[in-house]
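No hydrogens, no waters, no symmetry mates; every other heavy atom, side chains included, goes into these values. Naming: A, B, ... by sequence-line order, numbering from 1 per chain.
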There are 2 protein chains.
Amino acid sequence: MGGPARDVYDRDMTGSQDDTLLERSRRSGLRITGQRRVILEVLEGATDHPDVEELHRKVSAIEPGVNIATVYRTMNTLAEHGLIERHTFEDGRTRFEPAPTDHHDHFIDVDTGEVIEFVSDEIERLQEDIARKHGFEIVSHKLELYVRRIKD
Amino acid sequence: MGGPARDVYDRDMTGSQDDTLLERSRRSGLRITGQRRVILEVLEGATDHPDVEELHRKVSAIEPGVNIATVYRTMNTLAEHGLIERHTFEDGRTRFEPAPTDHHDHFIDVDTGEVIEFVSDEIERLQEDIARKHGFEIVSHKLELYVRRIKD
DNA sequence: TCCCTAGTTGCAATTCATTCGCAACTGGTT
DNA sequence: AACCAGTTGCGAATGAATTGCAACTAGGGA
């Protein structure tokens, strides 16, 4: 709901209040149709990383009659414009989240399926080092830690 | 072709010579059919991370008539027995590699699609730290660095 | 304010990867 | 040699995602 848990120390993640997905979509020149308005609203309100079916279900609850193909197409359009991020975890389903201003990685709880975001500057730094050492520059990266909660 | 590039220092990765996929499959109690023998051979010889279609093509070159469903089923069986690893990179296709004795991560060259393996003990350690800090223990993880070769 | 049109939508059909049902076949164990 | 659970080929089925097309509409311009 808030920003991701920050490793080592916390960063101020206060965002400007009208920097909504809807506003950002408008700024990207997308046409704001009734369907898209609802999809964006649902997407923004989601704390989890929903897949297309879940989105479609929630959208339909607000505004029935929106076709699932429209949800698919909208997700593709939003992703092309960098407004959302597409994830494919090991369960196979493609899931989405509003594009984070700040990069983060994911814990995936293997017992519950829950997805938790986190950030580690140290790992980011290390990745750069390793890539450089191999003659690469990093375009993007994906770090997924499949974890189990430690019971005490 | 050999082991993955090792960050910081190299580890001795000399494997016993008859520790082939075929031998390991036998040890896992799998039935060694003609089809499987060929699939395992192709899999072992592959330096890249092939998908089912590529495997099927190579298998067919050696032994025509092997159905692609058999390749699918064999890959599932091998994965269940921990003899190969399944990867889903961002291109969407599911790809495979013989299960590495040693864990490693992947560079994916965004220009060429080439997949390069690497290992960093430092990152592994850091991941453990972060997980513990959040009350998790790591079950497995996936680190993919999408990179571009630096031209100099 | 009304018009125009490129962008968007609903719907059904389609694609594409993967799985499944089932009868025929076969490794490998007795 | 006989047996049979595991395996295969084949075609049909599945399920996620995409697409063709005609109808619709957001929103910029006259």
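- For the OP1/OP2 pair of C/dC11 and a distance below 4.0 Å, the side-chain nitrogens and oxygens of A/Asn67 include at least one atom meeting the criterion.
- At a threshold of 4.0 Å, the pair B/Glu114-B/Arg149 counts as salt-bridged, since one of the basic side-chain nitrogens sits closer than that to a carboxylate oxygen.
- You'll find that the side chain of A/Gln35 is closest to C/dT9, out of C/dA17, C/dT9, D/dC10.
- Spacing between atom CD of B/Glu53 and atom C1' of C/dT15 amounts to 13 Å, rounded to whole angstrom units.
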query: Taking it one step at a time, do B/His56 and B/Ile39 satisfy side-chain contact (heavy atoms from CB on, under 4.5 Å)?
result: CA-CA 8 Å; B/His56 183 239; B/Ile39 291 171; over 6 Å; no

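- D/dA16 atom C1' lies 15 Å from atom CE of A/Met75, rounded to whole Å.
- Side chains of A/Phe107 and B/His134 form a contact here, defined as non-hydrogen atoms less than 4.5 Å apart.
- Side-chain proximity of B/Arg36 to C/dT9, D/dT7, D/dG9: nearest is D/dT7.
- Scored by the salt bridge (charged side-chain N to carboxylate O under 4.0 Å, His left out) test, A/Arg132 finds A/Asp129 as partners (sequence neighbours excluded).
- Rounded to whole Å, the distance from CZ on B/Arg95 to C1' on C/dT18 is 18 Å.
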With a cut-off of 3.5 Å and sequence neighbours excluded, list every side-chain donor-acceptor pair involving residues 73-83 of chain B.
from	atom 1	to	atom 2	distance (Å)
B/Thr74	OG1	B/Thr70	O	2.7
B/Asn76	OD1	B/Arg86	NH2	2.9
B/Thr77	OG1	B/Arg73	O	2.9

field: Contact pattern, 5' to 3', of nucleotides 17-30 of chain D - B, S or - by protein heavy atom under 4.0 Å
entry: BBBB----BBS---

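- Between the side chains of A/His87 and A/Glu97, at least one donor N or O lies within less than 3.5 Å of an accepting N or O.
- We find that CG of A/Leu55 is positioned 15 Å from C1' of D/dA16, with the value rounded to whole Å.
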